[in-house]
Amino acid sequence: MKLVFTSLVLSLAASALAAEPRTTLPLPDRTFTGTVGRTFRESSSASLPKPVAAPKGAPNIVVIMLDDAGFGQYATFGGAVPSPAMDRLAAEGLRFNRFHTAGICSPTRAALLTGRNPHNAGVGIVTELATGYDGYTGIIPQSTVPVARILRDNGYATAMFGKNHNTPPAEAGPAGPFNHWPGGFGFDYFYGFNAWGTSQHQPLLFENNRPVPPVRDPDYHLTHDLADRAIGWIRSVKAASPDRPYFLYLAPGATHAPHHAPKAWIDRFKGQFDKGWDAYRTAAFARQKALGVVPKDAELTPRPAEIPAWDSLPPETQRIFARQMEVFAGFAAHTDAEVGRLIDAVHAMPGGENTLIVYIAGDNGASAEGGANGTLNELGPANGLEEKVTTAELADLGGPAYNNNYPAGWAWAVNTRFRYYKQVVSHLGAVRNPMVMSWPAHIADKGALRSQFTDVTDIAPTLLAAAGVTAPTSVDGVAQKPLDGVNLLPVATEPHAPEVRQRQYFEVFGNRAIYDHGWMASARLANPWEANRAMLDPDKVHWELYDLDHDFTQAHDLAARCPERLEQYKKLWWEEAKRNNVLPLDWRAGERLANRPPDSRTHFELYPGTIGIPETIAPNIRNRSWTIAADGSFTARDNGMLITQGGMTGGWAFYLRDGRPAFDYNLGLAAHYRIVAQSPIAAGTKSLVARFDYEGAPQVRGGGGVLTLLADGQVVATGHLPRTLPGIFSLNEGLDVGTDYGSPVGDYPFPSDFTGMLSDVRIDLR
């Protein structure tokens with residue numbers, strides 16, 4: 001069977017090359033080569049050009065990438081969360097226990113799509129923190145065209161569902177440009193969201209590049225919606241063109257914060273984590289050894305100093321922390337179930353056996369960005385807000401009210417057997433993620449384990465090889481960079497095949513590592529919950545050294561025993577950094593998130609129907625005085641939104657409620673302020689104004705001020721905002737006029753389309 005599989009792959013590639021080299025995309029238009037006479041009677045017969053066909057036998061391809069998932073999360077790899085869909089794929093395919101990601105969202109996804117190292121693809125950090133250096137623009141360059149474009153130009157139908165975290169925030173608004181949206185990446189169809197996370201109950205979604213109207217179903221959940229849409233798309237493609245292969249990329253927001261799940265799924269885990277993270281880790285490690293995904297001689301690494309022992313916590317704190325993990329587990333289990341629905345649909349369709357499925361549990365390890373106690377709003381620390389989860393919020397965790405994340409101790413546990421968590425790419429807890437590969441018609445040793453070192457950059461070359469498609473050397477006239485990834489099909493074919501890659505660098509926020517021929521040198525600089533890191537010194541960090549061929553979990557630092565080897569690897573890291581555009585090294589975090597270009601405009605004119613202007617290019621009302629004026633013809637019967645920015649994580653809203661002007665301010669869930677007129681406005685009112693007089697000095701961030709509401713120049717309400725948000729309101733919800741998309745800022749009626757006559761809204765910054 002192994003020889004059959006190998007022959008199949010080779011024959012696919014050979015057939016593609018025999019037909020056309022296809023190294024230059026797009027393929028040239030077909031021209032008529034017969035005789036053209038004065039009339040059709042004197043001309044050769046002609047047939048219509050046919051669409052480009054994929055190589056004969058090319059498989060359907062499904063890639064599933066979850067978010068912020070740890071190695072010890074799902075049962076398939078020893079975790080406590082049931083994962084029947086992943087179990088089923090592993091039983092009919094392969095498990096990979098030495099697969100690696102880039103340790104944080106956007107870079108991993110860019111590497112997945114392009115087959116290049118993340119900095120080499122221009123995405124060395126999440127797009128929200130991009131800078132102007134080549135490795136950190138947040139823009140996938142034309143020289144690294146994504147695999148979707150290559151497959152589409154070679155006859156595949158292509159679609160993406162879920163999280164797109166590779167569009168620059170400044171280009172994520174209604175004016176685009178859209179060449180860095182999924183459609184520009186080669187996806188015929190896109191249904192999902194931009195940015196690193198969104199509410200699962202009230203998301204701001206786009207269909208292709210148009211915003212999707214607000215959710216009205218109280219039982220809505222995004223992961224279920226994505227699975228439904230993906231299933232519907234597959235069925236439509238196969239109904240219209242049963243012989244055409246497809247490439248489907250499903251990237252749920254799960255299990256990234258906010259941890260949102262249906263209550264019934266959360267309740268399944270009641271009481272299951274009361275023993276805490278130390279006990280979880282011990283039990284998961286034992287299961288991993290029993291499953292064989294961890295060698296028998298592997299050692300469980302100790303708890304980091306910054307994580308407290310579970311038994312040292314007060315009982316009430318334990319109760320709060322355990323409930324946070326129950327919510328996360330419900331979210332994770334629900335996600336795998338929805339993936340299972342998609343897999344069932346794939347296998348039921350014609351060509352189901354000839355479908356290559358790659359299921360990656362996480363674009364990085366589990367997230368410790370919730371800090372020591374977890375958080376109700378993951379953006380709170382970036383705005384200087386430190387809230388603490390109490391028992392009062394437990395009943396509502398998992399619902400739409402909070403942008404919650406669990407404590408770092410659970411991220412450490414979910415990453416069992418490794419040290420640390422997302423962002424800390426010096427260690428395997430950030431970068432080693434489970435992967436399952438299934439191809440029922442062609443994988444011989446079903447249920448087997450692969451332990452060769454592999455990387456997310458290897459996925460794109462593997463998909464191209466399976467499809468029998470050659471990586472192009474030129475696309476749209478632009479020369480293409482060579483792939484950094486390598487084809488994994490030889491590893492899938494032969495259990496004892498040598499490793500197809502021997503080296504990989506890692507870097508996020510100055511945390512660094514280099515893997516080379518079984519060894520790994522590691523330098524940890526910062527923890528994920530530290531927002532302000534500018535004063536850290538990467539040259540003073542302690543480098544560690546591990547022999548991963550004999551130390552599966554990074555349990556034994558050999559730096560003191562092998563100083564010369566360590567120096568070689570440190571030098572090698574800098575060489576790889578220079579080659580891949582990692583330089584200049586930049587370890588700032590919160591400082592870059594809060595940074596935006598200087599404001600050149602102080603006057604803005606906006607119109608109804610404007611939806612989702614990103615904060616990067618929206619009027620910046622933070623830390624200053626401003627005036628918002630809505631013009632129209634208003635009555636006491638009017639209701640709905642005049643203008644709003646942000647959502648459940650923070651923001652503001654100016655609206656009418658039963659004819660009364662109102663202004664809501666959401667201080668990052670730490671507080672809500674509302675100023676509302678006592679009486680409805682007079683019929684025929686032409687102007688409604690919200691004026692904010694900032695009390696802070698120009699250098700003061702997050703100061704308070706006086707908010708005044710006026711109708712036709714007359715004051716109708718005034719109030720005081722004790723504090724304002726100094727930084728970001730929301731990651732994916734922008735500014736809307738005459739409506740409110742995504743999640744609401746406050747508890748006003750939602751959805752909130754304006755019912756009256758609104759002509760325009762003007763914003764003046766003072």
Side-chain angles (χ1 to χ4, degrees), residues 65-74 77 96-112 116-121 123-126 165 255-256 293-294 298 301 304 360-369 408 411-412 414-435 450-459 484-485 488 499 501-516 518-528 543-546 548-549 551-555 569 572-573 576-577 580 582:
M65 173 166 277
L66 305 188
D67 203 341
D68 284 10
F71 191 94
Q73 176 169 317
Y74 283 116
F77 285 78
F96 289 74
N97 70 340
R98 294 182 71 211
F99 176 80
H100 299 81
T101 59
I104 198 167
C105 306
S106 301
T108 291
R109 294 162 192 272
L112 172 79
R116 278 81 171 188
N117 290 327
H119 301 77
N120 197 21
V123 191
I125 196 61
V126 291
H165 201 186
T255 49
H256 194 289
V293 295
V294 170
T301 54
I360 303 171
D363 52 357
N364 41 248
S367 169
E369 292 157 342
W412 169 69
V414 167
N415 287 330
T416 302
R417 61 214 179 259
F418 303 117
R419 297 178 190 257
Y420 304 120
Y421 3 73
K422 172 185 177 181
Q423 295 190 23
V424 189
V425 297
S426 54
H427 291 74
L428 295 173
V431 298
R432 187 165 287 182
N433 286 87
M435 182 176 74
R450 294 291 186 266
S451 293
Q452 291 91 335
F453 187 98
T454 52
D455 187 77
V456 67
T457 56
D458 302 332
I459 298 302
D484 294 314
L488 297 182
E499 291 186 341
R501 73 157 48 241
Q502 301 289 350
R503 181 179 296 169
Q504 183 61 38
Y505 80 91
F506 301 93
E507 188 278 332
V508 170
F509 291 132
N511 294 313
R512 291 161 283 166
I514 183 79
Y515 171 84
D516 186 67
W519 289 79
M520 190 168 188
S522 306
R524 181 172 73 103
L525 179 65
N527 285 315
W543 279 83
E544 304 164 18
L545 181 66
Y546 299 95
L548 295 188
D549 284 346
D551 180 12
F552 195 77
T553 61
Q554 282 186 305
Y569 287 134
L572 180 61
W573 186 90
E576 288 293 293
N580 286 282
V582 180

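As the structure is a prediction and not an experimental result, all values here were calculated from the model.
- For Arg432 and Phe552, the positive end sits near the middle of the six-membered ring, less than 6.0 Å away and at most 45° from its axis.
- Inter-residue side-chain proximity for Ile360 and Pro434 is flagged as unmet; no heavy-atom pair is nearer than 4.5 Å.
- Gln554 and Thr301 are not linked by any side-chain donor-acceptor pair at a separation below 3.5 angstrom, with hydrogens and angles left out of the test.
- Side-chain contact annotation: Gln504 with Glu576, donor-acceptor N/O pair under 3.5 Å absent.
- Summarising the geometry of Ala102 relative to Thr108, their closest heavy-atom pair is N-OG1, 2.9 Å, with the distance given to 0.1 Å.
- At least one donor-acceptor pair under 3.5 Å links the side chain of Thr255 to the backbone N or O of Asp67.
- Taking CG from Leu428 and OH from Tyr546, the interatomic distance works out to 9.0 Å, rounded to the nearest 0.5 Å.
- Judged purely by atom type and a 3.5 angstrom limit, Asp458 has no side-chain atom pairing as donor or acceptor with the backbone of Leu488.
- Contact detail for Ala411 and Ala366: the closest heavy-atom pair is O-CB, 3.7 Å.
- Note on Glu499 versus Arg98: salt bridge recorded, some NZ/NE/NH1/NH2 to OD/OE distance being below 4.0 Å.
- Under 4.0 Å is where a charged nitrogen must lie from a carboxylate oxygen, and between Asp484 and Arg116 no such pair does.
- Under the 6.0 Å cut-off for aromatic ring centres, His119 and Tyr505 qualify, their centroids lying closer than that.
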Stepwise side-chain contact (heavy atoms from CB on, under 4.5 Å) check, Leu545 with Trp519: CA-CA 7 Å; Leu545 181 66; Trp519 289 79; 3.8 Å; yes

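- Taking the side chain as every heavy atom from C-beta outward, Trp412 and Tyr420 never approach each other to under 4.5 Å.
- With sequence neighbours excluded, the residues that form a ring-ring contact (aromatic ring centres under 6.0 Å, His included) with Phe77 are Phe71.
- In this structure a side-chain-to-backbone donor-acceptor pair under 3.5 Å is missing from Ser426 to Arg512.
- Formation of a donor-acceptor pair under 3.5 Å by the Asn120 side chain with backbone atoms of Asn580 is not found in this model.
- Judged by distance alone, with hydrogens and angles left aside, the side-chain atoms of Asn364 form no donor-acceptor pair with the main-chain N or O of Val431 at under 3.5 Å.
- Taking the side chain as every heavy atom from C-beta outward, Val123 and Ile125 never approach each other to under 4.5 Å.
- In this structure, SG in Cys105 is found 4.5 Å from CG in Asp363, a value given to the nearest 0.5 Å.
- In this structure, the side chains of Asn97 and Val294 stay at 4.5 Å or more apart for every pair of heavy atoms.
- With rounding to the nearest 0.5 angstrom, the CD1 atom of Ile514 is 6.5 Å from the CG atom of Asp516.
- Taking every heavy atom of both residues into account, Gly103 and Lys422 meet most closely at O-CG, 3.6 Å.
- Between Phe453 and the choices Tyr515, Phe99, Phe96, the ring pair (Phe, Tyr, Trp, His ring centres under 6.0 Å) rule is met once, by Tyr515.
- Listed for the Asn511 side chain is a donor-acceptor partner under 3.5 Å among the backbone atoms of Ala526.
- Proximity of a side-chain donor or acceptor of Trp573 to a complementary backbone N or O of Phe506 within less than 3.5 Å is detected.
- Inspection of the Ser106 and His165 side chains reveals an N or O donor paired with an N or O acceptor under 3.5 Å.
- Nearest heavy-atom pair across Ala361 and Asn433 is O-ND2, 2.9 Å.
- No side-chain heavy atom of Val456 sits under 4.5 Å from any side-chain heavy atom of His100.
- In summary, of the residues considered (Arg524, Arg419, Glu544), a side chain to side chain donor-acceptor pair (under 3.5 Å) with His427 occurs for Glu544 alone.
- The CE atom of Met520 sits 13.0 Å away from atom CG of Asp549, with the distance rounded to the nearest 0.5 Å.
- Scanning all heavy atoms of the two residues, the minimum distance from Thr101 to Ala430 falls at OG1-O, 3.8 Å.
- Arg501 places a side-chain N or O within donor-acceptor distance of the main-chain N or O of Arg503, the cut-off being under 3.5 Å.
- Across all non-hydrogen atoms, the minimal contact from Ile459 to Met435 is CD1-SD, 3.7 Å.
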